Undergrad: 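Before I ask anything, here is the structure I am working with.
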Amino acid sequence: MTRIAFIGLGNMGGGMAANQAKAGHEVVAFDLSKAALDRAAASGCRAAASVAEAVKDAEAVVTMLPAGPHVRQVYAEHILPNAPKTALLIDCSTIDVDSARAVAAEAKAAGFRVADAPVSGGVMAADAGTLAFMVGCEDADFAAVEAVLTPMARAVIHAGAAGAGQAAKICNNMLLGVSMLGTCEAFALAEKLGLAADRFFEIASKSSGQCWSVTTYCPVPGVGPQTPADKGYAGGFATAMMLKDLKLAQDAAAKAGASTPMGAQAEALYAMFDGLGYGGKDFSAFIQMLRGKIAELA
Ligand code: NAD
């Protein structure tokens with residue numbers, strides 16, 4: 001049994017902390033939200049009154065917070081001054097690469113082992129313990145990081161040194177944003193050309209256009225496996241979250257001097273869709289705009 005401090009018990013963190021408790025670990029949890037803290041207590045965690053209390057005596061500290069500024073603040077003001085130096089610090093939030101590297105450098109300078117370990121998979125995977133983790137940490141620390149993450153994971157992959165997990169996450173999600181927009185355009189054009197969506201699905205799934213956005217997450221209702229398209233584009237991966245990740249990718253590209261014109265276009269298109277008021281809809285709902293059916297999105 002490991003004593004784990006879990007900070008950030010929202011949509012993702014709530015289920016992740018519950019899976020650590022289910023695996024038999026002692027989980028001491030904290031969130032600014034009383035409702036989130038109560039849910040964690042109901043799922044087997046012990047509620048702490050502050051980050052400082054949660055991390056005191058922890059063997060591992062896992063954070064699942066909204067964005068870079070939250071992680072920087074919680075680390076600098078609460079975790080680093082209060083956690084034992086032996087604690088393994090793992091941030092699973094999706095944040096900018098610079099913040100991840102800065103936090104890792106501060107933690108290392110203070111004598112801690114540290115990893116960035118953002119996840120792929122949404123709330124359902126968090127609840128089911130089937131997330132994919134992309135880890136940035138020193139080689140010597142990876143086995144210990146993997147052991148802590150395993151109760152929440154279907155895969156834990158070492159991406160490289162500090163910040164590499166976040167780099168992998170934003171590159172993957174930029175590719176996903178671009179591939180989903182291409183998939184939406186292809187299905188909308190197929191419709192205009194008189195092709196049945198299920199026929200095109202079968203053909204594209206077995207042809208060179210095949211990709212996850214087509215075969216696993218088809219944006220057309222009633223086609224392929226169950227997806228948010230079958231539930232009025234509710235749930236799934238919100239447009240606003242995709243936009244956040246695309247902005248992180250563009251910021252990183254600008255700083256690294258990388259040319260990412262498709263990523264920039266995806267960011268602009270999702271910013272427009274978000275600006276029209278569809279930030280809460282699944283990111284595959286973009287197809288309804290191309291099909292002239294945007295009014296059907298409640
Ligand atoms: P969320 O907003 O539901 O949860 C964040 C939680 O952090 C909230 O409960 C909030 O009260 C808490 N919090 C904020 N500041 C805090 C502080 N100083 N101390 C303690 N608690 C604090 O967000 P989420 O959907 O759980 O996402 C968390 C992270 O996971 C984000 O970085 C997101 O990009 C990433 N992510 C989300 C999904 C998804 O599908 N929701 C998928 C992959 C990755």
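Counting convention: from 1, in listed order, for ligands and their atoms alike. Just so it is clear, the model here is predicted, and its values are computed rather than measured.
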Undergrad: So, the side chain of E26 versus the backbone of A58: is there a donor-acceptor pair under 3.5 Å, distance only?
TA: no
Undergrad: Salt bridge check: are K34 and D38 linked by an N-O gap of less than 4.0 Å?
TA: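 Counted as a salt bridge, because a side-chain N and a carboxylate O are separated by less than 4.0 Å.
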Undergrad: For atom 15 (N) of ligand 1, what's the nearest protein heavy-atom neighbour? Residue, atom name and distance, please.
TA: L32 CD1, 3.6 Å
Undergrad: Which heavy atom of the protein is the closest neighbour of atom 27 (O) of ligand 1, given with residue, atom name and distance?
TA: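 Going atom by atom, the protein heavy atom closest to atom 27 (O) of ligand 1 ends up being M12 CG, 3.9 Å.
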Undergrad: Within 4.0 Å of atom 23 (O) of ligand 1 (strictly less), any protein heavy atom?
TA: no
Undergrad: Check each atom of ligand 1 against the heavy atoms of G10 and keep those under 4.0 Å away; list them by number with element.
TA: 3 (O), 4 (O), 6 (C), 9 (O), 26 (O)
Undergrad: Do K244 and ligand 1 have an N or O pair less than 3.5 Å apart?
TA: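 Yes, since at least one N or O of K244 sits under 3.5 Å from an N or O of ligand 1.
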Undergrad: Hey, what do you get for CG (D96) to NZ (K247), rounding to the nearest 0.5 Å?
TA: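 Taking CG in D96 and NZ in K247, the distance rounds to 13.5 Å.
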Undergrad: For ligand 1 and D31, I'd like to know whether there is a polar contact (N/O to N/O, distance under 3.5 Å).
TA: yes
Undergrad: For atom 14 (C) of ligand 1, what is the closest protein heavy atom, and at what distance to 0.1 Å?
TA: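 Going by distance alone, atom 14 (C) of ligand 1 is nearest to P66 CD, 3.7 Å.
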Undergrad: Are a donor atom and an acceptor atom from the side chains of D91 and T63 found within less than 3.5 Å of each other?
TA: yes
Undergrad: Please work out which of V123, L65, L37 has its closest non-hydrogen atom nearest to atom 31 (C) of ligand 1.
TA: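 Comparing heavy atoms across V123, L65, L37, the nearest one to atom 31 (C) of ligand 1 lies in L65.
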Undergrad: Could you grab the distance from atom OG1 of T183 to atom CZ of F286, nearest 0.5 Å is fine?
TA: 12.5 Å
Undergrad: Nearest 0.5 Å, what's the NZ-CD1 distance between K281 and I294?
TA: 11.0 Å
Undergrad: Tell me, do H78 and V55 make a side-chain contact under 4.5 Å, heavy atoms counted?
TA: no
Undergrad: Kindly confirm or rule out an N or O of A36 lying under 3.5 angstrom from an N or O of ligand 1.
TA: no
Undergrad: Could you tell me which atoms of ligand 1, counted from 1 in the order shown, lie closer than 4.0 angstrom to a heavy atom of G121?
TA: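 Reading through ligand 1 atom by atom, the close ones are 42 (C), 43 (C).
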Undergrad: Keeping the roles fixed (side chain from K169, backbone from S120), state whether a donor-acceptor pair exists under 3.5 Å.
TA: no
Undergrad: For atom 40 (O) of ligand 1, what's the nearest protein heavy atom and its distance?
TA: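 In this structure, atom 40 (O) of ligand 1 has G122 CA, 3.6 Å as its nearest protein heavy atom.
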Undergrad: Please state which part of N11 comes within less than 4.0 Å of ligand 1, counting heavy atoms only: side chain, backbone, both or neither.
TA: both
Undergrad: Can you tell me the protein heavy atom closest to atom 30 (O) of ligand 1 and the distance?
TA: M64 CE, 3.1 Å
Undergrad: Under the side chain to side chain contact (heavy atoms under 4.5 Å, CB included) test against F283, which residue among Y278, F273, F237 passes?
TA: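 Result: among Y278, F273, F237, F237 is the only option passing the side chain to side chain contact (heavy atoms under 4.5 Å, CB included) with F283.
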Undergrad: How many angstroms lie between CG in L243 and CG in N173, if you round to the nearest 0.5 Å?
TA: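 Here the interatomic distance stands at 12.0 Å.
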Undergrad: Donor-acceptor pair, distance only, cut-off 3.5 Å: does the side chain of T227 make one with the backbone of C218?
TA: yes
Undergrad: Taking N or O atoms only and a 3.5 Å limit, does T94 qualify as a polar contact for ligand 1?
TA: yes
Undergrad: Which of the atoms of ligand 1 are close to V119, meaning less than 4.0 Å from one of its heavy atoms?
TA: 43 (C), 44 (C)
Undergrad: With a cut-off of 4.0 Å, which atoms of ligand 1 are near a heavy atom of V74?
TA: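 Numbered from 1, ligand 1 contributes 17 (C), 18 (N).
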Undergrad: Distance to 0.1 Å, residue and atom name: give those for the protein heavy atom nearest to atom 41 (N) of ligand 1.
TA: M241 CE, 3.4 Å
